Each structure stands twice: as C-alpha cells, then as structure tokens.
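To start, the structure itself, in structure tokens.
Values in this document were obtained by computation on a predicted structure and should not be read as measured data.
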Number of protein chains: 2
Amino acid sequence: MFSKACQYAIRAVLYIATQSEQGRRTSLKDISKEIDSPEAFTAKILQQLSKNSILLSIKGPNGGFEIPDETMKRVKLIEIVRIIDGDQLFTGCALGLKACNEEKPCPLHNQFLGIRTNIHQLLENTTIKKLVNDLELGLTFLKR
Amino acid sequence: MFSKACQYAIRAVLYIATQSEQGRRTSLKDISKEIDSPEAFTAKILQQLSKNSILLSIKGPNGGFEIPDETMKRVKLIEIVRIIDGDQLFTGCALGLKACNEEKPCPLHNQFLGIRTNIHQLLENTTIKKLVNDLELGLTFLKR
DNA sequence: ATTATTTAGGATAAATTTGTCCGAAATAAA
DNA sequence: TTTATTTCGGACAAATTTATCCTAAATAAT
C-alpha cells in the first residue's frame with residue numbers, strides 16, 4: 001500500500017508530534033530508535049518533510065525535529081503520502097493502464113472506485129493531531 | 001497497490017480468458033502485444049501462473065496458453081494476487097508494524113480495517129469469468 | 001575561538017523489482 | 001527424422017527502492 005519510506009515518514013511524524021505535544025524536541029537518533037527505522041534513511045525522509053514544511057528541523061546541540069501545534073492540526077495524512085509516494089495510490093489505475101477512465105474503464109475500474117475513494121477520503125480527513133490524540137490516550141501504538 | 005508483475009498477471013489472464021472463450025489458444029507473443037507488456041517478463045509470470053494451475057500452457061507449434069471454462073469460473077482474483085504479490089496487501093499493517101493487531105493497533109489500524117476488508121472481499125468475490133463477461137460485452141477494456 | 005552536537009546533502013552500496021537473452025525441452029508438421 | 005515453433009528455465013542486466021557513509025554546515029555551550 002505505502003512504500004517503506006512513506007511508512008517511516010508517517011511513523012516519524014507521529015512520534016515527533018507526540019513529543020512536540022509534551023514540549024520536547026526530538027533528535028533523529030531518538031526517532032529512529034523509537035519507530036525502529038534505519039537512521040540515515042530516516043534522515044533523508046525527514047529532510048524531505050521539513051523541506052515541505054511538514055516539520056521543523058533545528059541544527060546543532062539540542063537540535064532535532066518539532067511540529068508546531070498549528071501544523072499538526074492543519075496537516076493531513078494525504079500531504080505526507082503525496083510528498084513521499086505521490087498520488088498513484090488514489091489516482092492511478094489498479095491494472096496500470098494509462099488510458100483507464102470512466103469512459104474506457106479497465107476490468108477492475110468500477111470495483112476499485114469505491115476503495116480508492118475511501119482511501120482518498122481517509123487520508124484527506126485524517127490530521128496528524130487526530131492520530132496523536134489516540135496515541136496519547138494509549139488507544140494506539142507505534143512500536144514494532 | 002499491485003506490483004507491475006501482478007498487473008501484468010491479471011491483464012494476461014483476462015486476455016487469455018477472452019481468447020479461450022472464443023476457443024482460441026493464444027501465444028506469449030500475442031498476449032504481450034495485446035496487453036502491452038514486456039514479453040520475456042510476462043513469460044516468467046505466465047510460468048508461475050501455469051505452475052499454480054491458473055492456466056494451461058502448451059509447448060510447440062500452435063502452442064500457447066489457455067484457461068478452461070471451469071477454471072475461469074472457479075478462480076478468483078485473490079488467488080492470482082496471492083501467487084504474485086502474496087497477501088501483505090490485505091493482511092499486513094499499513095505502517096509496516098509486525099506487532100500491529102486488534103489489541104495493539106497502529107495509529108491507522110482502525111481507519112484501514114474497512115478498506116482492507118473491502119479489498120479482501122472484492123478480490124475474494126471476483127472470478128475471472130465475471131471480469132471476462134464485462135470485457136466481452138464491451139463494458140471494460142484492457143489496452144493501454 | 002574552540003569544541004561538541006546535530007541536521008544537510010552528496011556519493012555510494014545493497015536489496016528488490018523489473019526486464020532481457022539465450023539455450024534446452026517439447027511437440028507439431030513437413 | 002528433420003525442421004520450425006513455442007514454452008521453460010537459468011543467467012544476467014537495468015531500474016528502482018532501501019539503506020549506509022562521510023563531510024559540510026549550523027549552532028549551542030564551554
């Protein structure tokens with residue numbers, strides 16, 4: 001469904017967000033330990049996310065990553081997915097046909113229409129903040 | 001969603017099936033031309049499918065591939081997907097967590113529960129035959 | 001100023017997926 | 001029996017994704 005990069009991205013953002021909620025800035029090292037991801041690879045992903053203003057990066061001692069409360073309220077999952085994986089997941093044809101559309105549908109077009117819409121809506125309607133709340137309430141988990 | 005190999009697999013099976021319906025055996029060359037896929041790569045995929053008795057392969061002059069009517073009635077999409085891509089798509093965790101389950105759900109677990117169930121049901125309930133009917137009625141298309 | 005810490009970014013490498021090439025095996029037809 | 005056709009299967013190659021390494025840049029603390 002999502003690439004590994006995208007899975008790491010979402011996991012990292014959520015972890016950073018929980019820490020930011022507590023007023024704590026968190027380092028790459030912490031993040032990759034906590035979400036169990038390869039450090040250097042995660043660094044690249046976080047770089048991309050901060051370039052796209054999903055998160056803030058601060059260099060130097062006591063540096064690290066942060067997500068302002070305003071940002072986690074505003075940013076939806078779909079933005080992260082778009083940055084890392086693009087939008088093939090919810091716009092592309094299930095069978096990989098370029099010409100597939102409403103007029104010339106592939107054999108799976110109509111079957112997948114609903115599913116793709118569901119995925120799109122889910123990603124569109126889910127903010128980081130919402131997911132962080134569940135994490136803080138101990139309703140969901142990030143490890144392993 | 002599906003790997004390229006899996007997209008080719010489904011497209012090939014559907015094309016072979018439409019031909020089999022007409023009593024025509026079809027060659028690798030034809031298939032890859034009709035579904036616009038790399039020939040040698042498609043050969044590997046068809047090999048896998050015939051090993052798994054999704055289709056029949058016949059060597060020699062006038063050889064090629066066939067799908068008996070009984071088979072296309074019986075075989076569901078999920079079997080093809082399982083053979084080529086495995087079942088990660090409908091069993092794995094969206095965030096790639098091994099330990100994710102009902103008791104210790106990842107932050108996306110509940111959101112994706114419905115979608116994954118939908119995908120699973122769709123693949124489980126869709127036979128090759130059903131898709132071939134739509135193709136023959138000109139309701140759906142396989143090219144590009 | 002110097003040093004230590006931390007992210008940025010480029011180069012490189014490993015792993016996986018996608019794709020190609022070619023000789024072997026099967027088999028139908030001449 | 002020879003030849004032509006077609007799939008099989010192994011080795012190899014290219015492309016993409018995942019992952020590592022190292023130096024540079026920033027910056028806080030000493």
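Note: CD1 (B/I45) to P (D/dC8) measures 13 Å, nearest angstrom. Between A/L49 atom CG and C/dT7 atom P there is a gap of 14 Å when expressed in whole angstrom units. B/Q48 has its CD atom 12 Å from the P atom of C/dT18, to the nearest Å. Between B/I31 atom CD1 and D/dC8 atom C1' there is a gap of 14 Å when expressed in whole angstrom units. Following rounding to the nearest Å, B/Q7 (CD) and C/dT17 (P) show an atom-to-atom distance of 14 Å.
Of the N and O atoms on the side chains of A/T42 and A/S32, not one donor lies less than 3.5 Å from an acceptor on the other residue.
Of the residues in residues 20-29 of chain B, none lies under 4.0 Å from DNA chain C by heavy-atom distance. The stretch residues 54-67 of chain A touches DNA chain C through A/S57, A/I58, A/K59, A/G60, A/P61, A/N62, A/G63, A/G64, A/F65, each having a heavy atom within less than 4.0 Å of the strand.
Applying side-chain contact (heavy atoms from CB on, under 4.5 Å) to A/P107 and the options B/V132, B/L135, B/L139 leaves one that passes, B/L135.
Taking a 6.0 Å sphere around CG of A/D69, one finds it holds more than 12 heavy atoms contributed by other residues, nucleotides or ligands.
Judged by distance alone, the side chain of A/T18 and the main-chain N or O of A/Y15 form a donor-acceptor pair under 3.5 Å. Within the 3.5 Å criterion, the main-chain N or O of A/V81 finds no donor-acceptor partner in the side chain of A/D85. Of the possible polar contacts, one joining the A/N125 side chain to the A/Q121 backbone as a donor-acceptor pair under 3.5 Å is found.
The pair A/K129-A/E21 meets the salt-bridge criterion, with a side-chain N (NZ, NE, NH1 or NH2) lying under 4.0 Å from an Asp/Glu carboxylate O. Here A/R11 does not pair with A/E34 in a salt bridge; the nearest charged N to carboxylate O distance is not below 4.0 Å.
Distances shorter than 4.0 Å separate none of the side-chain N or O atoms of B/Q47 from OP1 or OP2 on D/dT7.
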Discussion item. Can you build the contact string for nucleotides 13-20 of chain D? Use B for base contact, S for sugar-phosphate-only contact, and - for no protein heavy atom under 4.0 Å.
Written reply: -----BBB

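A heavy-atom distance below 4.5 Å is not found between the side chains of B/I84 and B/Q7. A/I119 places a side-chain heavy atom less than 4.5 Å from the side chain of A/L123.
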Worksheet item: So B/F90 and B/F112, ring pair (Phe, Tyr, Trp, His ring centres under 6.0 Å) or not? Walk me through it.
Response: CA-CA 10 Å; B/F90 33 93; B/F112 271 94; over 10 Å; no

